[in-house]
Amino acid sequence: MSTQQQDQGPDQQDQDPTTYDVKAVEAKWQQVWDDLQPFVASDEAVTSGERPKKYALTMFPYPSGDLHMGHAEVFALHDVISRYWRFRGFEVMNPMGWDSFGLPAENAAIRNDTHPATYTYANIETQYDSMKRYGVSFDWTRRLHTSDPEYYRWTQWLFLLMRERGLAYRKNSPVNWCPKDQTVLANEQVLADGTCERCGAVVTKRELTQWYFRTTEYAQELYDCLDDLQSTWIGKVVNAQRNWIGRSEGAHVDFALNLADGSTKDVTVFTTRPDTLYGATFMVVAADAALAAEVVAPAQADALAAYLEEVRKASDIDRLSTERPKTGVDLGITATNPVNGEQVPVWASDYVLADYGTGAIMAVPAHDQRDLDFAKAFDLPVRTVVDTGEENPEETYVATTGDGTYVNSGPLDGMTDKAAGITAMIERLTERGTGSGTVNFRLRDWLLSRQRYWGAPIPIVHCEACGEVPVPVDQLPVELPELRGSDLRPQGTSPLGAATEWVETTCPTCGGPARRDTDTMDTFVDSSWYFLRFVSPHDDTQVFDPALAEAWGPIDLYIGGDEHAVLHLLYARFFTKVLRDAGLITWDEPFSAYLSQGKVINNGRKMSKSLGNGVNVAEQLEEFGVDAVRLTLVFASPPEDNIDWADVSPAGSQKFLQRAWRLSGDVTSEPGVDPATGDLALRRVTHKTVADAEQLVEGYRFNVVVARTMELVNATRKTIDSGAGGSDPAVREAVEGVAQLLSLVAPYTAEEMWARLGHQPCVAQSTWLAVDPELLVEESVTAVLQVQGKVRSRIEVAPDVSAADLEAAALADPTLVAAIDGRPVRKVIVREPKLVNVVV
RNA sequence: GCCCCGGUAGUCCAAUUGGCAGAGACGAUGGUCUCAAACACCAUCCAGUGUGGGUUCGAGUCCCACCCGGGGCACCA
C-alpha cells in the first residue's frame with residue numbers, strides 16, 4: 001500500500017495559526033487511516049516469531065441505540081494501552097464486534113412489527129460509524145456479530161461439545177414466571193420488587209424442564225485460579241467472584257432417619273461445624289425438597305402440604321428478608337445422631353435451601369443463630385457444647401460462634417481450639433464411616449434455556465423413538481425461522497414453538513418424525529467464547545484455529561464494566577477450562593489481566609432519562625471534538641474510579657490540545673536533526689517524561705500519563721518562549737515526544753502535529769522515542785537536611801555523593817548547624833543522595 | 001452479619017522501596033492584550049492527608065481500633 005498521501009504536510013496551515021479546525025482534522029485522518037490500515041493485526045508476524053504478540057480486548061457492546069458515555073470511556077482507556085503496545089514493537093490484536101442477540105431487539109420488533117434483525121443491524125451500523133469517528137485503533141477485519149449464522153453455528157457446536165463431555169444436561173426446576181404475560185422471565189427481567197418489568201405483575205415460580213451447563217464441575221478450579229489472578233485483576237472483581245463461587249469447607253455427616261413405617265433411611269447433611277455435632281438437637285430438611293415429602297409421617301403429610309402451599313405463595317421479597325420469623329412443620333419422625341445415638345426430631349422449613357449442600361441440616365441452636373431462632377419458635381431443646389465464656393444462648397437468644405472449651409462432647413471435651421475440634425470430629429466420623437470432610441460451593445449450575453426468539457437455537461431434536469438427539473455437526477447451524485412482529489409475542493412457550501414448519505423435522509438418527517428444541521441459549525453463551533473466535537473469525541471449517549489461539553492467547557488485558565464482574569467473566573473462564581480439557585487450547589485462564597472502568601455519572605447521580613441528567617456522547621463530540629472528549633475521560637481519574645461529568649472540563653481539554661498543537665507550528669528545525677546539540681534541560685525533561693510514561697502506562701495509570709504530557713508541553717512552551725527558541729533541536733525532540741504521547745489519547749491532534757512536524761503519516765506507526773539513560777541522571781540533586789525529622793535546610797549535591805561526604809556537607813551547612821542549636825548529636829541518618837536526618 | 005476497595009486543597013486528582021505533602025487540571029480572584037468581550041498569556045488563592053492510638057530518627061504510605069463512602073455475598077448451614 002502506498003504511503004504517499006495527498007497533502008498533510010506542514011504547508012496548508014495558513015489560516016489561523018493559533019487553532020486548528022477540529023472537524024476537518026477528524027475527517028482527514030479517518031480517510032488516511034482507512035487508506036493505510038495501520039491497525040490490522042498480522043497472524044503471520046506472530047506465528048513466524050517476527051514480533052511478540054499482545055491481545056488487547058474490550059468488552060464488545062450490545063447494539064442498543066448509539067454509543068453512550070460508558071463506551072466512550074472504555075474505548076478511550078483501552079486505546080491507550082493498545083497504541084502503546086504497538087509503539088513498543090508488539091504485534092497487537094485489538095478486535096471489535098457485537099453481542100447482537102438479546103431481548104431489546106425482540107421487544108422492539110414486537111412493538112414495531114418488524115424483525116429483530118432490523119433493529120439490531122441498524123444499531124450496529126450506527127455504533128460502527130461512531131466507533132470509526134471515535135478513532136479507536138480497532139482491527140476491523142476481524143469484526144463479528146454473535147447473531148450471524150456463521151457465528152452461532154459455532155455457538156451451537158460448542159453446546160454439543162459441552163453435551164458430549166457431560167457438561168450440558170436437562171432438568172426440571174422452578175423458574176421465574178409471569179402469570180399475566182404467560183411467559184418465563186430471565187432474572188434480569190424481574191425487578192427488585194419482584195414484579196415483571198413488562199406488565200408489573202408479581203412474578204411467581206413455575207417448574208419447567210431447562211438446559212443447564214455443569215459449571216459446578218469446575219467450581220474448585222474456578223475458585224483456586226483466582227489466587228493467580230489476584231495480582232493482575234482488579235481486586236474487587238476477584239473478591240466478587242470468590243463470594244459468588246462461595247467455597248466453604250466442612251463435613252458431610254450421615255444421620256439415619258427412623259421412618260413412620262419402621263424402616264430407616266440414611267440422610268447426609270452438610271455442616272461447617274462438625275465439631276458441634278454433640279449439640280445437634282434436631283434436624284431440618286428443606287420444605288420444598290423431594291426428601292421432605294418422601295419421609296414425612298402420614299399423620300403430618302397434610303400439615304406439610306399446607307405449609308408447602310404457603311411457602312410457594314411467598315414471594316422472593318419475603319424470602320429474602322432475614323428478619324422474617326422462622327416457620328416450619330414437624331415431620332413426625334426422628335433421626336439418629338451418628339456419634340451419640342441420640343434420637344432427635346426432624347422438621348421441614350423454608351430456611352433450609354433445597355439446592356444448597358444436601359438440602360438438609362443438623363441444627364445446633366446453641367451455636368447457630370438461625371437454628372436458635374427456629375428452636376425458640378418451636379420450643380426445641382438447646383444444648384451448649386462449646387463454652388465460650390459468654391452467657392447461655394438458651395437464655396440470651398444469642399448463639400455463640402467463637403472458640404471455647406468443648407463440653408458435653410464426648411471425646412472432644414476439654415479441647416479449646418475450633419480448628420482442632422473440627423479435624424478431630426472429621427477423623428472420628430471417617431473412621432466410623434458415618435461422615436467425611438468435604439467442600440461445598442454456593443455456585444449453581446448455569447441455566448441457559450431461554451423461551452425467546454432472538455438467540456442461538458439449541459441444536460437438539462426430540463424424537464419419540466430416540467429421545468434427545470444432537471443435530472449432526474454438518475447440519476449446523478440450526479438457523480432461526482423467519483418470525484416478526486406479533487409472532488414474537490410471549491404466549492407461554494418459546495415463540496419458536498409456533499413456527500410449525502421449523503419445529504417439525506425428522507430425527508437425524510432414525511429418520512422418523514421429531515420436533516426441534518424450541519428454546520434458545522442465554523446470550524451469555526455467545527459472549528463466553530467470542531474472544532476465541534477473533535483469532536480466526538472467517539474460518540468456516542472449525543470453531544477457531546487452535547494454532548492461532550495458541551499464538552494470540554491468552555488476552556493480555558481485558559477491560560470492561562463492573563456489571564459483568566461476576567457472570568460474564570466467570571462463564572468465559574468456565575468455557576476456557578472446558579476447551580482446554582477438550583484439547584483446543586493450552587492455557588488455563590482467558591484473561592491474564594483485567595481492568596474494570598468506573599461509571600460515568602453526572603452530578604453525583606447515575607445518568608438516566610428519568611433524572612434528565614444524561615450526557616449525550618454525540619453532542620459532546622460535536623461540541624468539543626473527539627480528542628477533547630477522549631482526553632477528558634482518560635485524564636479525569638484512575639480508570640477504575642467513577643467519573644462525574646460535572647467535575648471535568650472538556651473545554652479545558654480542548655484548550656490543552658490546541659496549546660500542544662501550537663507547539664508543532666513553532667518548530668523550525670528539519671525532521672531528522674540531531675537532538676544531541678539541543679537544550680540539555682529540555683532534553684532531560686523529555687526523556688524523563690517518556691521513561692516515566694512507559695512505567696505509568698504499563699501500570700494502567702493513564703490519568704497520570706496525561707498529566708506528565710501536560711508538564712512536557714509546559715516545559716517545551718517555556719523553552720521556546722524564554723530560551724532556545726523554535727529552532728533548537730531539543731524542541732523538535734520534545735514536540736515529537738508530545739505527539740507520540742498524545743497519540744495514545746488524542747490521535748487526531750497527534751497525527752496533525754506529526755504531519756506539521758514534516759513527517760509522513762502516521763504517528764501511530766512511528767518509532768517510539770528511545771529513552772537515553774544518561775539523560776535520566778540528574779546533574780545535581782537537592783538533599784533535604786532534617787533535625788528530628790523536620791526539614792531545616794537543603795543543599796545541592798552530586799547524585800552519586802557518598803554517604804560520608806553527604807553527612808560531612810550537611811553538618812557543615814550553617815542553617816542546619818543553627819537548627820541543631822548546640823544540642824548533642826545522638827545519631828545521623830543518611831539516605832544518600834536525598835536526605836540527612838540529625839537526631840539530637 | 002461476612003468479605004473486598006477507598007477517604008489528601010472549594011472540586012477532580014498526584015506524591016518509586018516509609019524520606020521536602022503538590023505533579024497536572026478544574027474553579028475563583030487580579031492583571032496583560034482588546035473599543036469591549038471571548039481566546040491566549042501572566043500572577044495569586046486554598047489542605048497537613050476521616051478519627052484515635054501504635055511502630056519508627058522520620059508515617060499520606062506500615063500495624064491496631066473506630067467513623068464515613070462505594071462494591072460483592074447473605075436464612076448458603
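All values reported here derive from a predicted model rather than from experimental measurement. We name chains A, B, ... by the order of the sequence lines, and we start the count at 1 in each one.
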is_close_aromatic(A:Phe374, A:Trp347), centroid dist under 6.0 Å: yes
So, A:Ser653 and A:Thr632: side-chain donor and acceptor under 3.5 Å apart, yes or no? yes
Determine the interatomic distance between C1' on B:rC13 and the same-named atom on B:rG30; round to the nearest Å. 26 Å
For the P atoms, the ones on B:rC68 and on B:rU51, what distance do you get once it is rounded to whole angstrom? 15 Å
The side chain of A:Arg831 lies closest to which of these nucleotides: B:rA23, B:rG19, B:rC13? B:rG19
Where the side chain of A:Asn837 is concerned, which of B:rA77, B:rG58, B:rA40 is the nearest nucleotide? B:rG58
Hey, does A:Val791 reach any base, or is it just sugar-phosphate, or nothing, if we go heavy atoms under 4.0 Å? sugar-phosphate
Atom CZ of A:Phe656 to atom P of B:rA40: distance rounded to whole Å? 13 Å
OP1 or OP2 of B:rA77 versus the side-chain N and O atoms of A:Tyr351: is any pair under 4.0 Å? no
Under 3.5 Å, is there an N or O donor on one side and an acceptor on the other linking the side chain of A:Gln788 and the base of B:rG58? no
Nearest-nucleotide pick for A:Glu711, side chain only, options being B:rA23, B:rC4, B:rA14: B:rA23
For residues A:Val382 and A:Ala375, report the shortest heavy-atom separation together with the two atoms involved. CG2-CB, 4.3 Å
Nearest-nucleotide 5' precedence on RNA chain B, A:Ser653 against A:Val839: A:Ser653
Testing A:Glu390, A:His367, A:Gln369 for side-chain hydrogen bond (donor to acceptor under 3.5 Å, both in side chains) with A:Thr400, which one passes? A:His367
Between B:rU55 and B:rC20 - P atom distance, rounded Å: 22 Å
Gap between atoms CZ and C1', on A:Phe702 and B:rA23 respectively (whole Å): 19 Å
Over how many whole Å does the gap from A:Lys418 atom NZ to B:rA77 atom P extend? 12 Å
A:Arg659 side-chain N/O to B:rA25 phosphate OP1/OP2 under 4.0 Å: yes
When the C1' atoms of B:rC5 and B:rA77 are compared, how many Å lie between them, rounded to an integer? 29 Å
Which whole number of Å gives the distance between the C1' atom of B:rA9 and that of B:rG53? 27 Å
In whole angstroms, how far is the P atom of B:rA21 from the CG atom of A:Leu835? 11 Å
Is A:Phe635 touching bases, backbone alone, or none of the nucleic acid, heavy atoms closer than 4.0 Å? base
Return no unless some side-chain N or O of A:Lys655 is found under 4.0 Å from OP1 or OP2 of B:rA40. yes
Residues at least two apart in sequence or cross-chain that pass side chain to side chain contact (heavy atoms under 4.5 Å, CB included) with A:Pro639, listed by chain then number, are A:Leu77, A:Leu595, A:Phe702
How would RNA chain B look in dot-bracket form, 5' to 3', counting Watson-Crick and G-U wobble pairs with both distances under 3.5 Å and writing | for bases paired to another strand? (((((((..((((.....[..).)))((((((.......))))))....(((((..]....))))))))))))....
In this structure, how many angstroms lie between the P atom of B:rU16 and the NZ atom of A:Lys688, rounded? 11 Å
Do you see a donor-acceptor pair shorter than 3.5 Å between the side chains of A:Ser637 and A:Asn703? no
Applying a 4.0 Å non-hydrogen cut-off, can you work out what A:Arg247 is touching in the nucleic acid: base, sugar-phosphate, or nothing? nothing
Nearest-angstrom distance, C1' atom, B:rU29 to B:rC46: 12 Å
Identify the two heavy atoms, one from A:Ala360 and one from A:Thr268, that lie closest to each other, and give their separation to 0.1 Å. CB-O, 4.3 Å
Inter-nucleotide C1' distance (B:rG60, B:rU49), Å rounded: 5 Å
I need the CZ-P distance between A:Phe270 and B:rC75, as an integer number of Å. 16 Å
Strictly distance-based, threshold 3.5 Å: is any side-chain N or O of A:Arg273 a donor or acceptor partner for the main-chain N or O of A:Asp368? no
Taking donor-acceptor contacts at under 3.5 Å, does the side chain of A:Asn714 reach the base of B:rG24? no
Can you tell me if the side-chain N/O atoms of A:Asn440 get under 4.0 Å from OP1 or OP2 in B:rA77? no
According to a strict under-4.0 Å criterion, is A:Ser248 in side-chain N/O contact with OP1 or OP2 of B:rA77? yes
Considering only heavy side-chain atoms of A:Asn243, the closest of B:rC57, B:rG72, B:rC41 is B:rG72
Would you tell me whether A:Glu796 and A:Thr782 have side-chain atoms, one donor and one acceptor, within less than 3.5 Å of each other? yes
Looking at A:Arg792 and A:Leu816, would you say the former's side chain and the latter's main chain have a donor-acceptor pair under 3.5 Å? no
Of the listed nucleotides (B:rA77, B:rA40, B:rG19), which one gets closest to any side-chain atom of A:Tyr356? B:rA77
Report the nucleotide, chosen from B:rC12, B:rA77, B:rC20, that has the shortest atom-to-atom distance to any side-chain atom of A:Asp647. B:rC12
When the distance from CG of A:Asp641 to C1' of B:rC13 is rounded to whole Å, what number comes out? 9 Å
Nearest nucleotide by nearest heavy atom, which residue falls closer to the 5' end of RNA chain B, A:Ala636 or A:Arg794? A:Ala636
Name the closest nucleotide to the A:Ala240 side chain, picking from B:rC20, B:rA77, B:rG72. B:rG72
Rounding to an integer number of Å, can you tell me how far A:Asn239 CG sits from B:rA74 C1'? 14 Å
Report yes if at least one side-chain N or O of A:Arg242 is closer than 4.0 Å to OP1 or OP2 of B:rC4; otherwise report no. no
Expressed as a whole number of Å, how far does the C1' atom of B:rU34 sit from that of B:rC41? 14 Å
